[in-house]
Amino acid sequence: RVPFIKAGAFVVAELDPIVAFVANKGVTLTEGLDTTQKADMRAYMSLVNNVLANAELYLSWIDQVTYEEVTRPRYGSVYPWPINHVLTRQKRNQVLRRLRVLGWKQKSLEEVYNEVEHCCNALSERLDNNEFFFGNRPTELDALVFGHLFTLLTTPLPDNRLATIVRSFGNLVKLCQVVERDFFEKNNGGSSSGNGEGDYDKLEDLNQVPM
């Protein structure tokens with residue numbers, strides 16, 4: 001699962017295990033936060049995981065148009081026939097069970113869009129005019145929000161309404177641009193050609209966001 005890091009013989013996947021792993025190495029992004037701020041950060045991270053992550057799963061695996069045109073061919077493309085069909089079906093059933101338990105499978109597409117908009121509104125109000133959510137340094141919350149919003153902004157879909165919702169919150173888009181500029185362009189030498197390891201889809205300005 002993404003995100004993941006390789007550190008010597010270790011492969012560590014997903015954000016929380018990565019944070020714990022690097023913390024054991026003496027690296028933390030929250031050393032400047034007090035107890036209240038840390039609790040606040042975890043609450044917003046929970047909001048992102050409960051809304052944006054589930055909305056992405058819903059759109060990818062339940063919305064029939066997106067599933068047929070994007071998810072199914074993309075997910076199965078790395079496997080030979082007939083394994084590609086079998087594994088894709090298994091993955092879809094797994095996601096459907098998860099969303100059913102969490103109460104998301106029963107939602108309409110419009111309700112999902114409304115959930116995303118409310119989540120982005122809460123994040124936007126918390127960020128306000130600041131560069132990052134907590135002061136002038138990024139935390140795990142900034143990394144988590146960037147990962148989800150950057151994906152929504154740069155992934156072409158049959159219906160790009162999720163990108164449109166995110167785009168309506170200028171300070172969240174600016175956060176994505178700042179993180180991209182400060183932590184990806186510098187580490188990749190400004191390259192976004194997609195031809196080398198570590199390259200990525202570049203989000204230079206609002207005009208490059210899919211409409």
Side-chain angles (χ1 to χ4, degrees), residues 1-3 14-15 44-75 77 91-92 95 98-99 102 104-105 107-133 138 140-185 188 190-194 198-211:
R1 296 185 179 184
V2 294
E14 299 188 83
L15 182 60
Y44 279 97
M45 290 180 70
S46 178
L47 174 67
V48 172
N49 287 324
N50 289 331
V51 176
L52 295 185
N54 288 332
E56 290 162 4
L57 289 175
Y58 182 102
L59 192 65
S60 297
W61 295 96
I62 292 183
D63 180 65
Q64 196 63 30
V65 175
T66 303
Y67 174 74
E68 294 290 345
E69 295 185 12
V70 179
T71 307
R72 186 167 69 174
R74 182 174 61 184
Y75 189 84
S77 64
K91 178 64 176 180
R92 191 183 200 195
V95 172
R98 169 190 167 91
L99 293 180
L102 295 175
W104 276 74
K105 185 178 182 296
K107 293 181 183 292
S108 67
L109 188 57
E110 190 64 31
E111 288 174 326
V112 171
Y113 287 141
N114 287 337
E115 291 273 10
V116 171
E117 186 168 8
H118 292 154
C119 177
C120 287
N121 186 63
L123 292 171
S124 178
E125 289 183 354
R126 180 62 182 84
L127 181 60
D128 198 25
N129 294 320
N130 301 310
E131 191 170 47
F132 300 109
F133 284 102
E140 289 92 339
L141 175 60
D142 298 278
L144 182 66
V145 171
F146 171 80
H148 284 285
L149 297 189
F150 189 88
T151 299
L152 296 179
L153 288 169
T154 58
T155 303
L157 296 173
D159 182 351
N160 276 313
R161 184 170 171 184
L162 284 180
T164 301
I165 291 172
V166 176
R167 227 178 24 249
S168 67
F169 297 92
N171 59 346
L172 296 181
V173 175
K174 184 178 179 181
L175 170 68
C176 292
Q177 294 170 328
V178 168
V179 173
E180 180 197 34
R181 180 195 69 207
D182 290 352
F183 300 100
F184 287 88
E185 285 188 8
N188 286 275
S191 171
S192 59
S193 62
D199 289 330
Y200 58 95
D201 296 320
K202 195 171 184 182
L203 177 63
E204 287 184 336
D205 52 51
L206 289 176
N207 293 327
Q208 290 186 303
V209 178
M211 297 299 290

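Here, residue 1 is the first one in the sequence, and each next residue gets the next number. The shown structure was predicted, so the numbers you read here are calculated from the model rather than taken from an experiment.
Between V70 and S60 there is no side-chain heavy-atom pair separated by less than 4.5 Å. W104 is listed as a side-chain neighbour of V112, based on a closest heavy-atom distance under 4.5 Å. At a threshold of 4.5 Å between non-hydrogen side-chain atoms, the residues P138 and F183 count as touching. In this structure, F146 and L175 have side chains that are not in contact, with every pair of non-hydrogen atoms separated by 4.5 Å or more. Between N50 and L102, every side-chain heavy-atom pair lies at or beyond the 4.5 Å cut-off. Using a 4.5 Å heavy-atom threshold, the side chains of R98 and N54 count as touching.
For the atom pair CG of L141 and CZ of F132, the computed distance is 11.5 Å after rounding to the nearest 0.5 Å. Between R161 atom CZ and L109 atom CG the span is 7.5 Å, to the nearest 0.5 Å. Atom CG of D182 and atom CD of E131 lie 6.5 Å apart (nearest 0.5 Å). In this structure, H118 NE2 and I165 CD1 are separated by 10.0 Å, a value rounded to the nearest 0.5 Å. Distance check: R126 CZ to L47 CG gives 12.5 Å after rounding to the nearest 0.5 Å. Atom-to-atom distance recorded for C119:SG and N114:CG is 12.5 Å, nearest 0.5 angstrom.
Counting all heavy atoms, side chain and backbone alike, V145 lies closest to V48 at CG2-CG2, 3.9 Å. Looking at every heavy atom in both residues, E115 comes nearest to V51 through O-CG1, 3.4 Å. The minimum heavy-atom distance between D159 and Y113, with the atom names listed, is OD2-OH, 3.3 Å. In terms of heavy-atom proximity, V166 sits nearest to V173 at O-CG2, 3.7 Å.
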Go through the steps to decide whether L152 and E56 satisfy the test side chain to side chain contact (heavy atoms under 4.5 Å, CB included), and finish with yes or no. CA-CA 8 Å; L152 296 179; E56 290 162 4; 3.9 Å; yes
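Counting only distance, with no hydrogens or angles, the side chain of D142 and the backbone of F133 share a donor-acceptor pair below 3.5 Å. No donor-acceptor pair closer than 3.5 Å links the side chain of S124 to the backbone N or O of C120. Side chain of N49 to main chain of S46: no donor-acceptor pair is present (N/O by atom type, distance under 3.5 Å, no hydrogens or angles).
L172 pairs in a side chain to side chain contact (heavy atoms under 4.5 Å, CB included) with only one of the listed residues (N121, L153, L149), which is L149. For the side chain to side chain contact (heavy atoms under 4.5 Å, CB included) test with P158, the passing option among D63, L59, T66 is T66; the others fail.
Counting non-hydrogen atoms of neighbouring residues, nucleotides and ligands closer than 6.0 angstrom, the NZ atom of K105 reaches no more than 12 such neighbours.
For the side chain to side chain contact (heavy atoms under 4.5 Å, CB included) test, residues two or more places apart in sequence or in another chain that qualify with S108 are E110, E111.
Using cut-offs of 30° and 60° for the angle between ring planes, the W61 and Y75 rings count as perpendicular.
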